[in-house]
Undergrad: 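Below is the structure I would like to discuss, written out as structure tokens.
Start at 1 with the first residue, then count along the sequence.
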Amino acid sequence: MTTIAPGTDTLTRDALAVLQPGFDGTTAPDWVRRRIDEGLASVALFGRNVVSEEQVTALTAQLRAGRDDLLVAIDEESGDVTRLDVRTGSAFPGNHALGAVDDPGLTRSVARELGRRLAACGVTFDWAPSADVNANADNPVIGVRSFGASPDLVARHTAAWVEGLQSSGVAACTKHFPGHGDTNVDSHHAVPRIDVDADTLYERELPPFRAAIAAGTRAIMSAHILVPALDPDRPGTLSPRILTELLRGELGYQGLIVTDGIEMRAISATYGLHQGVVLAIAAGADAICVGGGLCDEGTVLGMRDALVAAVRSGELPEERLADAAARVRDLAAWTAEHRGDAARTTPDPEIGLVAARRALTVTRAGAAAPVTGPVYIARFSPAPNIAVGHETPWGVAAELERLLPGSAFGTFTGDDAGAAALAAAGGRRIVAVVRDEHRHPWMRSALDTLLAARPDTVVVEMGLPQAPPRGALHVATYGAARVCGVAAAEAVLAG
């Protein structure tokens, strides 16, 4: 049952309804519960809010005490970007691994099981999947979050992922419209720009979003990217041409449009947080994602008041804000209606590992001796992007140390990483673990050093496998989820 605090006017309720804020802590803060009573219709969970599934279940129950249809959102892509498994690594491979297998039925099953887990925890809205076509292998923020470089492949797996997730009663949010794959800048830091003609955009970037719409995606997330062929002045999140004319008009999409994190510097550093919120709603967005960084009550109240002031000044039409709030409430009602769907699906807790095993590509060079005894695992670790974060463990060390007692592990970075790893390994055989070797000259140099001195080194690539396979054994996992590490460790021992 939803209760609204006495004295909360319609305009204020609508302004709160379009916000999807995060918060600190693993229990529901009093300020969040007060704002839910006043009209807040959504909240967002991030890694800082997650300790265990039992704790998340208790947290979502607390949050819904005053509003049964509250949307509880999470940024759970599986694979490298995980919040539910933030402390252990994901139990599901990410998009690139699923694209490598290219079995839409498998993708659907993985997303269905993920949805079942989210629903069991009381999460009803997932900011996933990424429908970006990985047209630029040097992209610093998409990479293995994409199903691949082919628009057709990305389209069929985006549709399958949406169908699988939503069969569990969890709303999907396909992102990042109109496509973040061909960028070389992370929009967490600045405004990326895609300088291609409109024909290329329509043929390459849009097919996955068309497929998602056809599959019934309940939400689409906008990208903070400048696409001059569509709008030379404003990034997608703030562009009426992109959100209203293209997405609503040309593509016929009628579901919820939510922004990427509004506090990302592509918006906040260029337009200001409050003006960015107003411009996004005016452009056609219905909900504002905030809280990955700014997660305090003052941020929420400031955005609420900016929207109210914009309506009262005539800058933002009141009917546009009312329409946006209505779309949020419609999605909340859909999730409340479908909350029992997950109970009708059959649990498949091993599907993630099954998919990770199927995704592996193993390349052998010559007749190298099999790995049978303790090894030294040298992980060459690049700086993570903000979407992935630094909290989630990755690699093969935990599983190899379990399978090969006496093995040891170290993390290396920088120009002397190869020499440092050689020295640390001593006489043990080396398993070198890399992530996007092709993007990091120091990582490539470290492998050169290792392989020159120890040609029997095993190489495990857990990012985009763009560099040529090398090493006595080369294992490509297409992502760094925990299950990808388990599958890779099995392959190392199998030789």
Side-chain angles (χ1 to χ4, degrees), residues 1-9 12-76 82-87 118-127 170-171 173 258-264 268 273-274 276-277 287-308 325 328-329 331-332 335-336 339 386 389-392:
M1 180 177 180
T2 301
T3 57
I4 299 296
T8 307
D9 63 273
T12 300
R13 290 200 301 272
D14 286 350
L16 281 170
V18 303
L19 303 180
Q20 296 190 338
F23 54 88
D24 256 334
T26 56
T27 58
D30 289 342
W31 72 263
V32 172
R33 298 170 77 172
R34 284 197 306 274
R35 302 309 163 193
I36 291 170
D37 289 343
E38 294 171 3
L40 188 69
S42 313
V43 295
L45 303 184
F46 295 88
R48 63 175 177 264
N49 306 120
V50 176
V51 174
S52 66
E53 293 188 23
E54 293 76 17
Q55 167 265 324
V56 173
T57 304
L59 170 58
T60 59
Q62 273 187 308
L63 290 165
R64 286 206 175 89
R67 185 180 191 122
D68 185 60
D69 66 346
L70 181 77
L71 279 172
V72 179
I74 198 167
D75 190 13
E76 178 57 64
T82 180
R83 310 304 176 217
L84 198 59
D85 293 328
V86 65
R87 303 183 195 288
L118 291 173
C121 294
V123 176
T124 54
F125 186 25
D126 190 6
W127 293 325
V170 176
C173 181
V258 60
T259 72
D260 206 345
I262 203 73
E263 73 267 50
M264 292 161 64
S268 62
L273 186 65
H274 294 164
V277 168
I288 304 293
C289 165
V290 65
L294 300 173
C295 55
D296 58 287
E297 183 177 18
T299 295
V300 173
L301 297 182
M303 292 190 299
R304 178 202 67 182
D305 294 347
L307 288 167
V308 170
V328 174
R329 295 181 188 118
L331 181 60
T335 61
R339 202 175 298 159
I386 291 176
H390 63 273
E391 294 177 282
T392 305

Undergrad: Compare all side-chain heavy atoms of Arg35 with those of Leu19 and state whether any distance is below 4.5 angstrom.
TA: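 SC-SC contact between Arg35 and Leu19 ruled out.
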
Undergrad: Could you tell me whether the side chain of Leu307 reaches within less than 4.5 Å of the side chain of Met303, counting heavy atoms only?
TA: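 SC-SC contact between Met303 and Leu307 ruled out.
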
Undergrad: Hey, could you give me the CH2/CG distance between Trp31 and Leu40, rounded to the nearest 0.5 Å?
TA: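 Reported to 0.5 Å precision, the distance equals 7.5 Å.
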
Undergrad: Walk me through it: do Leu273 and Leu294 pass the test side-chain contact (heavy atoms from CB on, under 4.5 Å)?
TA: CA-CA 10 Å; Leu273 186 65; Leu294 300 173; 3.8 Å; yes

Undergrad: Heavy atoms only: give me the nearest Arg33-Ala65 pair and the separation to one decimal.
TA: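 In this case the closest contact between Arg33 and Ala65 is NH2-CB, 4.4 Å.
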
Undergrad: Salt bridge or not between Asp37 and Arg13? Use side-chain N to carboxylate O under 4.0 Å.
TA: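 No salt bridge links Asp37 with Arg13.
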
Undergrad: Write down the atom of Ala287, the atom of Val328, and the distance for their closest heavy-atom approach.
TA: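 Shortest heavy-atom contact: CB-CG2, 4.1 Å.
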
Undergrad: Could you report the tightest heavy-atom contact between Leu331 and Ala171, atom names first, then the distance?
TA: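 Heavy atoms of Leu331 and Ala171 come nearest at CD1-CB, 3.8 Å.
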
Undergrad: What heavy-atom pair brings Ala336 and Asp69 nearest, and what distance separates the two atoms?
TA: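 Closest pair (atom of Ala336, atom of Asp69, distance): CB-CB, 3.9 Å.
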
Undergrad: Should Val300 and Phe23 count as side-chain neighbours, where that means a heavy-atom distance under 4.5 Å?
TA: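 No, their side chains stay 4.5 Å or more apart.
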
Undergrad: To the closest 0.5 Å, what do you measure between CG (Leu59) and CZ (Arg64)?
TA: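 Answer for the CG-CZ pair, Leu59 versus Arg64, is 10.0 Å.
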
Undergrad: For Thr27, is there any backbone N or O sitting under 3.5 Å from a side-chain donor or acceptor partner on Gln55?
TA: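 Judged by distance alone, no pair lies under 3.5 Å.
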
Undergrad: List the residues meeting salt bridge (Lys or Arg N to Asp or Glu O under 4.0 Å) with Glu53, not counting sequence neighbours, and say none if there are none.
TA: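 Glu53: salt bridge (Lys or Arg N to Asp or Glu O under 4.0 Å) contacts with Arg117.
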
Undergrad: How long is the span from the SG atom in Cys121 to the CG atom in Leu84, to the nearest 0.5 Å?
TA: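 One gets 5.0 Å once the value is rounded to the nearest 0.5 Å.
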
Undergrad: Taking only Lys NZ, Arg NE, NH1 and NH2, and the carboxylate oxygens of Asp or Glu, determine whether Arg48 and Glu391 approach each other closer than 4.0 Å.
TA: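 Judged by the 4.0 Å cut-off on N to carboxylate O distance, Arg48 and Glu391 do not form a salt bridge.
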
Undergrad: Are the side chains of Thr259 and Gln20 in touch, meaning some heavy atoms are under 4.5 Å apart?
TA: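 With C-beta onward as the side chain, the pair stays apart.
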
Undergrad: So do the side chains of Val258 and Ile288 get within less than 4.5 Å of each other, counting heavy atoms only?
TA: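 No, their side chains stay 4.5 Å or more apart.
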
Undergrad: Hey, does Thr124 have a side-chain heavy atom less than 4.5 Å from the side chain of Val170?
TA: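 No; the side chains remain at least 4.5 Å from each other.
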
Undergrad: If we only count heavy atoms from C-beta on, is the Asp24 to Phe46 side-chain gap below 4.5 Å?
TA: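 When only atoms from C-beta onward are counted, Phe46 and Asp24 do not touch, as no gap falls below 4.5 Å.
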
Undergrad: Let's go through Asp85 and Arg87 carefully: what are the C-alpha distance in whole Å and the side-chain angles of both, what is the deciding distance for salt bridge (Lys or Arg N to Asp or Glu O under 4.0 Å) to 0.1 Å, and is it a yes or a no?
TA: CA-CA 6 Å; Asp85 293 328; Arg87 303 183 195 288; over 6 Å; no

Undergrad: Between Arg339 and Asp68, is a salt bridge (Lys or Arg N to Asp or Glu O under 4.0 Å) present by the stated rule, with each step listed?
TA: CA-CA 11 Å; Arg339 202 175 298 159; Asp68 185 60; 3.5 Å; yes

Undergrad: Output the distance between atom CZ (Phe125) and atom OG1 (Thr335), rounded to the nearest 0.5 Å.
TA: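 One finds 9.5 Å between CZ of Phe125 and OG1 of Thr335.
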
Undergrad: If every non-hydrogen atom of Ala17 is compared with every non-hydrogen atom of Ala325, which pair is closest and at what distance?
TA: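 Smallest interatomic distance, heavy atoms only, reads CB-CB, 3.9 Å.
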
Undergrad: Can you tell me if Thr12 and Glu38 form a side-chain donor-acceptor pair at under 3.5 Å?
TA: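 No, Glu38 and Thr12 have no side-chain donor paired with an acceptor closer than 3.5 Å.
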
Undergrad: Between Glu76 and Thr82, does the side-chain hydrogen bond (donor to acceptor under 3.5 Å, both in side chains) criterion hold? Intermediate values first, please.
TA: CA-CA 5 Å; Glu76 178 57 64; Thr82 180; 3.0 Å; yes

Undergrad: Dump the intermediate steps for side-chain contact (heavy atoms from CB on, under 4.5 Å) on Asn49 and Val56, then the final yes or no.
TA: CA-CA 8 Å; Asn49 306 120; Val56 173; over 6 Å; no

Undergrad: For the residue pair Gly39 and Arg67, what are the closest heavy atoms and their distance?
TA: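 Distance-wise, the nearest heavy atoms are O-NH1, 3.7 Å.
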
Undergrad: With side chains defined as the heavy atoms from C-beta onward, is the minimum distance between Thr60 and Val43 less than 4.5 Å?
TA: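 No. Closest side-chain heavy atoms not under 4.5 Å.
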
Undergrad: Check for a donor-acceptor pair, side chain of Gln62 on one end and backbone N or O of Ala28 on the other, with a separation under 3.5 Å.
TA: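 Yes: the side chain of Gln62 pairs with the backbone of Ala28.
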
Undergrad: Show your working on side-chain contact (heavy atoms from CB on, under 4.5 Å) between Leu70 and Ile36 and close with a plain yes or no.
TA: CA-CA 8 Å; Leu70 181 77; Ile36 291 170; 3.8 Å; yes

Undergrad: Tell me, please, which residues at least two apart from Arg304 pass salt bridge (Lys or Arg N to Asp or Glu O under 4.0 Å).
TA: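 Applying salt bridge (Lys or Arg N to Asp or Glu O under 4.0 Å) to Arg304 gives none.
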
Undergrad: When you measure from the side chain of Thr299 to the backbone of Cys295, do you find a donor-acceptor pair of N or O atoms at a distance under 3.5 Å?
TA: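 Here the side-chain-to-backbone pair does not exist.
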
Undergrad: CG/Asp30 to CZ/Arg34 distance, rounded to the nearest 0.5 angstrom?
TA: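 Here the rounded value is 6.5 Å.
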
Undergrad: To the nearest 0.5 Å, what is the distance between SG (Cys289) and CG (Asp260)?
TA: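 Between Cys289 SG and Asp260 CG, I get 6.5 Å after rounding to 0.5 Å.
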
